[in-house]
Number of protein chains: 2
Amino acid sequence: MWTVDDGRPGLRERKKQRTRAAISDAAITLFLEHGFGKVSVAQVADAAEVSKRTLFAYFPTKEDLVLHRLADHETELARVVRAREPGAGPLAAVRDHVLARLRERDPITGLNDRPDVLRLTRMILDSPSLASRMQGFKAGAERALAQALRETADTPDLTSRLAAAQIVTVQWILAHDNARRLADGEAADARYAGAVADAEHAFTLLGNGLRDLTPKRTPGRSPKRSQKR
Amino acid sequence: MWTVDDGRPGLRERKKQRTRAAISDAAITLFLEHGFGKVSVAQVADAAEVSKRTLFAYFPTKEDLVLHRLADHETELARVVRAREPGAGPLAAVRDHVLARLRERDPITGLNDRPDVLRLTRMILDSPSLASRMQGFKAGAERALAQALRETADTPDLTSRLAAAQIVTVQWILAHDNARRLADGEAADARYAGAVADAEHAFTLLGNGLRDLTPKRTPGRSPKRSQKR
DNA sequence: GGATATTTCTGCACCGGGTGTAGTTTTATA
DNA sequence: TATAAAACTACACCCGGTGCAGAAATATCC
């Protein structure tokens, strides 16, 4: 009768999205309350009023219940490098992007201290299986970035992989460091200046190389190199 | 009576070592024959004539049945950096160490084509859970190296972690690349020259920085920079 | 509007990795 | 030789994840 065929996703699709959200929400609520390791998927399914089998139809693993939101970030740096304006170096493009994200307190930089974000970050970092899955994302980001470098700068394969891994690693460590500091109680706004300085330092180091890492070994003050970070 | 109390380990300890070896051997044999994912720990325990519970008393996880041999490598680079002669830079120390290992065809460089090594490498790389556990080793190596840098060069915390991660990553990618090539049929001796060249290139890149990564984006040949790797 | 085909959901049994426990065998000690 | 300590075993169990067969819900066609 009066059913209108507008372009919007039909009842089936809408229901699926609602179910998906319900499962994910129930999961995160329970995980935050009792800890990732102490809640079974069966309990999550129960809370979401769905069978265990259905839960696994929506999320392939328990970890995905938490991390599915972060999946897009896997290709983020690759996209940034691809989208940089002609003539710009990939390293500078990534640096600028990271600085911009810091400015917006994007949770991915670790510089967001909204309580829920904070608790989620802690949970991920504290759970071995979640942390390990994050490492997987990192590896994926390296692959994607390597390909982007290979295609948009004409760097050979090995160089692309090396550069990609190093760039992703820098972003990763910076985010990790910020997250740890906020988890230890620092406020995001108070940390901001330091985070920016660290990011700039890190990208400078990566740009200039580890060439002049202090070779000093024996006790006694180092000869030169005043600036330290 | 005639029991002599020399310093050697005593019956109990000796038996434990034999059992441990028996379990590990049975595991690797079965895994190589049928694949890591297709053999259950119960089957391994069976083959080693040991109960499943005992198996897990010796090896905390299934993956450890394969990877326990590689655990020492986690601190290898850290030891190298600590043991470098005074006045030498950490980067050079690691580079020299890697080159030395390539010369000896140390399996850890990926440049060993003994059939059993080859098959084991393939198995590890092809099994997600083993590969992921390897990533864990990599992370451990980064932590250990960072600490060594912090203590023997007077680099600050963040810098140490960045440098450590980059150094470990280089070694990792080089090894991975060699392993892949040998797995694809290349002979170790034939690959050796290329492996050395790649290692030197990688450490040079790391020393000099990603500063001058070609910024070219638009199609059309790149303006300068002839040397490519 | 109803019949039918398709998709989704469900319960259930099962697998494999891993652990707790209680009791038995083996090695060490005296 | 008795006894204490350590190692091993069987068994039951938890949890994440999958295969399967049938029930329920949605879409489609007349």
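Predicted model only: the values in this text are computed from it and were never measured. Below, chains carry the letters A, B, ... as their sequence lines are ordered, and counting in each starts from 1.
Less than 6.0 angstrom separates the ring centroid of His68(B) from the ring centroid of Phe59(B).
Within the structure, salt bridge (charged side-chain N to carboxylate O under 4.0 Å, His left out) contacts touching residues 30-44 of chain B (residues at least two apart or in different chains) do not occur.
Regarding Gln17(A), its CD atom lies at a distance of 12 Å from the P atom of dT8(C), rounded to whole Å. The distance from atom NZ of Lys62(B) to atom P of dT19(C) is 15 Å, rounded to the nearest whole Å. Whole-Å rounding puts the Arg18(A) CZ to dT26(D) C1' distance at 13 Å. Atoms CD (Glu63(A)) and C1' (dC15(D)) sit 12 Å apart, rounded to a whole Å. Regarding Phe36(A), its CZ atom lies at a distance of 12 Å from the C1' atom of dC15(D), rounded to whole Å. The distance from atom CZ of Arg14(B) to atom C1' of dA28(C) is 13 Å, rounded to the nearest whole Å. Residue Phe31(A) contributes atom CZ, which lies 11 Å from atom C1' of dG16(D) at whole-angstrom precision. Nucleotide dG19(D) holds its P atom 12 Å from the CZ atom of Phe56(A), rounded to whole Å.
Nucleic acid contact class of Val44(B) (heavy atoms, under 4.0 Å, all strands): none.
By the side-chain contact (heavy atoms from CB on, under 4.5 Å) test, Ala100(B) pairs with Arg103(B), sequence neighbours left out.
Note that Arg119(A) lies outside the cation-pi zone of Phe31(A), set by a 6.0 Å cut-off to the ring centre and a 45° limit from the axis.
A donor-acceptor contact closer than 3.5 angstrom links the side chains of Glu76(B) and His97(B). A donor-acceptor pair shorter than 3.5 Å can be found between the side chains of Thr61(B) and Asp64(B).
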Per-nucleotide protein contact string for nucleotides 4-12 of chain D, where B marks a base within reach and S marks sugar-phosphate only (heavy atoms under 4.0 Å, - for neither): -BBSSBB--

